[in-house]
Amino acid sequence: MMQATPFLMVLSLALVAPGFSARKPCTLSGRWVNDLGSNMTIGAVNGKGEFAGSYHTAVTATRNEIQLSPLQGSQHRTNNKGQPTFGFTVNWSFSDSITVFTGQCFVDEDGKEILKTMWLLRSRVDNINDDWKSTRVGINVFTRLPSQK
């Protein structure tokens, strides 16, 4: 029985150790691209969890020229697991619409940072009878762009 004890300790450590592996935290700040080719830049997240940045969409339903648009957001700052939830609003500079995104910042098994988001886009309509067609919903997955040197 004495010889089995060290073996069982080593075996239990081997089975439990992967759960203790240090995973790098997912950080919102930086440059991102989504599955449609849109780019966004998120600035530093302050102590209150607030951040600002810019969004350059690759897609639009308007005929207006696409322009860089500002974004404002907030990260849930009590998440100690390093994969925070967040939300941000993009006020489109080139159309009478606004989009709100909500999501979570993940680190996958390979250490790659991914933002999984869902969005609501509200477009202005001329009257209340057209309200039914004024809001769209969708999802986007963002991956980090390499830093510029």
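When a residue number appears, it is its place in the shown sequence, counting from 1.
Looking at Lys133 and Asp131, no side-chain N of the basic residue comes within less than 4.0 Å of a carboxylate O on the acidic one, giving no salt bridge.
Met40 places a side-chain heavy atom less than 4.5 Å from the side chain of Leu115. Between Ser29 and Val45 the shortest side-chain heavy-atom distance falls below 4.5 Å. In this structure the side chain of Thr99 reaches within 4.5 angstrom of the side chain of Trp92, judged on heavy atoms. For the pair Arg124 and Asp126, the minimum side-chain heavy-atom distance is below 4.5 Å. Side-chain contact between Leu120 and Phe101 is absent, with no heavy atoms from C-beta onward closer than 4.5 Å. In this structure, Val107 and Lys112 have side chains that are not in contact, with every pair of non-hydrogen atoms separated by 4.5 Å or more. Here the side chains of Ser69 and Ser54 are not in contact, with every heavy-atom distance at 4.5 Å or above.
Heavy atoms of other residues, nucleotides or ligands lying less than 6.0 angstrom from CZ of Arg122 number more than 12. Annotation: Leu36, atom CG; neighbour count of heavy atoms from other residues, nucleotides and ligands within 6.0 Å is above 12.
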*Verdict with supporting geometry, Thr57 and Phe94, side-chain contact (heavy atoms from CB on, under 4.5 Å)*: CA-CA 11 Å; Thr57 187; Phe94 57 93; 3.7 Å; yes

*I would like to know whether Gln72 and Phe51 meet side-chain contact (heavy atoms from CB on, under 4.5 Å); could you show each step before the answer?*
CA-CA 6 Å; Gln72 293 283 328; Phe51 58 88; over 6 Å; no

*Take Glu113 and Arg144, measure what side-chain contact (heavy atoms from CB on, under 4.5 Å) needs, and give me the verdict at the end.*
CA-CA 6 Å; Glu113 292 171 298; Arg144 186 174 295 283; 2.5 Å; yes

*Take Gln75 and Thr85 through the side-chain contact (heavy atoms from CB on, under 4.5 Å) test and state the conclusion after the steps.*
CA-CA 6 Å; Gln75 170 184 304; Thr85 56; over 6 Å; no

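Using a 3.5 Å distance cut-off with no hydrogens or angles, the side chains of Asn91 and Tyr55 do not pair a donor with an acceptor. Thr143 and Trp32 share no side-chain donor-acceptor pair at under 3.5 Å. Using modelled atom types and a 3.5 Å distance limit, the side chains of Ser97 and Ser95 yield a donor-acceptor pair.
Residue Cys105 forms a side chain to side chain contact (heavy atoms under 4.5 Å, CB included) with just one option from Ile114, Thr117, Leu28, and that option is Leu28. Partner Val100 forms a side chain to side chain contact (heavy atoms under 4.5 Å, CB included) with one of Leu121, Val90, Thr89 and no other, that one being Thr89.
You'll find the ring centres of Phe142 and Phe106 outside the 6.0 Å limit.
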